[in-house]
Asker: 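Below are the structure tokens for one structure; questions will follow.
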There are 2 protein chains.
Amino acid sequence: MKATKKKRLEAAGWRVGSAAEFLGLSAAEERIVEIKLALAVAVRQRRARLGLTQGELAQRMGSSQSRVAKLEAGDRTVSIDLLVSALLRLGLTRQQLGRILASDAA
Amino acid sequence: MKATKKKRLEAAGWRVGSAAEFLGLSAAEERIVEIKLALAVAVRQRRARLGLTQGELAQRMGSSQSRVAKLEAGDRTVSIDLLVSALLRLGLTRQQLGRILASDAA
DNA sequence: CCAGCATATGTCAGTTCCGACATGATGCAA
DNA sequence: TTGCATCATGTCGGAACTGACATATGCTGG
């Protein structure tokens, strides 16, 4: 929304933001959850394919087994950064990463 | 590395990890920086294309103008989560997101 | 020149995320 | 069963990230 338009709306008594923006936030956050899930699934598949344990992957990442478990479980305390880090450490290229992001989680 | 192999190496006196893994970490982190940069560039391009100011995008994200500025500048205190959030809020689909991730930053 | 808007930079307190550890659950082989 | 490996879950102190604010810089029209 342009600042000029926002000013007009506010002058007309609207509280620009709150409701509509809350819904918007929810929609975007939902998509983020989907993305995280797709990445999580990819981590588990790739790790299994390489025959690594969670502990071994954790070591590669400088992380811990428990965090890798949460990571693959789609725990909400896991960031996209960590998921991407895991996938890169599993040898994925940016192209492969992009493909995972674009596709739905199985 | 398989646990069995690791044990063999450790039994042979190797400290598995440290040096080689440090180099590995650096390489992966470098690629994360590249990814962040590509996303940051995409945010700026997309925002400009929509004719939004940093402040307006910040409002859409429930963030602040200064953070959007840092975001686009590739500031190291900005997470991939926030970058993805910004791009989704700018209307990008997961497919578009995937394409950005796969391509190099201009 | 100077307003006014957009963007950049620095800082800070509150929140979130992290690795690490402990512990529990599951499965499989001895 | 017992023992061992793997994965799951809960918790915690510390690190990293965040939004907000103040302020600086740049840029364009008057």
Asker: Would you kindly give the CD-to-P distance between B:Gln54 and D:dG19, to the nearest whole Å?
Answerer: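 Rounded to the whole Å, the gap is 14 Å.
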Asker: Send over the distance from A:Glu72 CD to D:dT9 P, rounded to a whole Å.
Answerer: 12 Å
Asker: Side chain of B:Ser66 only, please: which of D:dA8, C:dA8, D:dA20 is the nearest?
Answerer: D:dA20
Asker: Can you work out whether A:Ala73 or B:Ser64 has the more 5'-proximal nearest nucleotide on DNA chain D?
Answerer: A:Ala73
Asker: Is a donor-acceptor pair below 3.5 Å formed from side chain A:Ser79 to base C:dC18, judging by atom type as modelled?
Answerer: no
Asker: Could you check whether any side-chain N or O of A:Asp81 sits under 3.5 Å from a backbone N or O of B:Ile80, counting only pairs where one atom can act as donor and the other as acceptor?
Answerer: yes
Asker: So, does A:Arg47 get its side chain near the phosphate of D:dC7, meaning an N or O under 4.0 Å from OP1 or OP2?
Answerer: yes
Asker: I'd like to know whether B:Glu72 forms a salt bridge (charged side-chain N to carboxylate O under 4.0 Å, His left out) with B:Arg47, so could you lay out the CA-CA distance, the side-chain angles of the two residues, the decisive distance to 0.1 Å, and finally the verdict.
Answerer: CA-CA 10 Å; B:Glu72 295 183 352; B:Arg47 179 178 64 79; 2.6 Å; yes
Asker: Round to the nearest Å and state the distance from A:Glu29 atom CD to D:dT18 atom P.
Answerer: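 Whole-Å distance recorded here is 14 Å.
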Asker: In this structure, how many angstroms lie between the P atom of D:dA16 and the CG atom of B:Asp81, rounded?
Answerer: 16 Å
Asker: For the side chain of A:Leu82, starting at C-beta, report the closest nucleotide among C:dA8, C:dG19, D:dT9.
Answerer: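 Selected nucleotide (nearest to the side chain): C:dG19.
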Asker: Rounded to whole Å, how long is the line connecting atom NZ of B:Lys36 with atom P of D:dA16?
Answerer: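 Taking atom P of D:dA16 as the reference, NZ of B:Lys36 is at 12 Å.
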Asker: Checking side-chain contact (heavy atoms from CB on, under 4.5 Å) between B:Leu83 and each of B:Ile35, B:Leu71, B:Leu88, B:Leu37, which is the one that passes?
Answerer: B:Leu71
Asker: Under 4.0 Å, counting only non-hydrogen atoms across every strand here, what does A:Val78 touch: a base, just sugar-phosphate, or nothing?
Answerer: sugar-phosphate
Asker: Tell me the interatomic distance from A:Gln59, atom CD, to C:dC18, atom P, rounded to whole angstroms.
Answerer: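 Computing the A:Gln59:CD to C:dC18:P distance gives 19 Å.
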Asker: Looking at B:Arg99, is its backbone amide N or carbonyl O close enough to the side chain of B:Ser103 to form a donor-acceptor pair, meaning the two atoms are under 3.5 Å apart?
Answerer: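 Judged by distance alone, yes, a pair lies under 3.5 Å.
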Asker: Are any of A:Ser63's side-chain N or O atoms less than 4.0 Å away from OP1 or OP2 of C:dA20?
Answerer: no
Asker: If you check the A:Lys70 side chain, which of C:dA20, D:dC21, C:dA8 turns out closest?
Answerer: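 Among the listed nucleotides, the one closest to the side chain of A:Lys70 is C:dA20.
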Asker: How close or far is atom P of C:dC17 from atom CD1 of A:Ile80, stated in whole angstroms?
Answerer: 11 Å
Asker: Rounded to whole Å, please give me the gap between CZ in A:Arg76 and P in C:dC17.
Answerer: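 In whole Å, C:dC17 P and A:Arg76 CZ are 7 Å from each other.
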Asker: Indicate whether OP1 or OP2 belonging to D:dG10 is found under 4.0 Å from a side-chain N or O atom of A:Arg67.
Answerer: no
Asker: When you get a sec, tell me which of D:dT6, D:dA8, C:dA6 is the closest nucleotide to the side chain of A:Ala69?
Answerer: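 Output: D:dA8.
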Asker: Go nucleotide by nucleotide along DNA chain D from the 5' end; which of B:Thr77 and B:Gln65 gets its closest nucleotide reached first?
Answerer: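 Counting from the 5' end, the first nearest nucleotide belongs to B:Thr77.
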Asker: Measure from the side-chain N and O atoms of A:Gln65 to the backbone N and O of A:Gln54, and report whether any donor-acceptor pair falls under 3.5 Å.
Answerer: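 No: the side chain of A:Gln65 does not pair with the backbone of A:Gln54.
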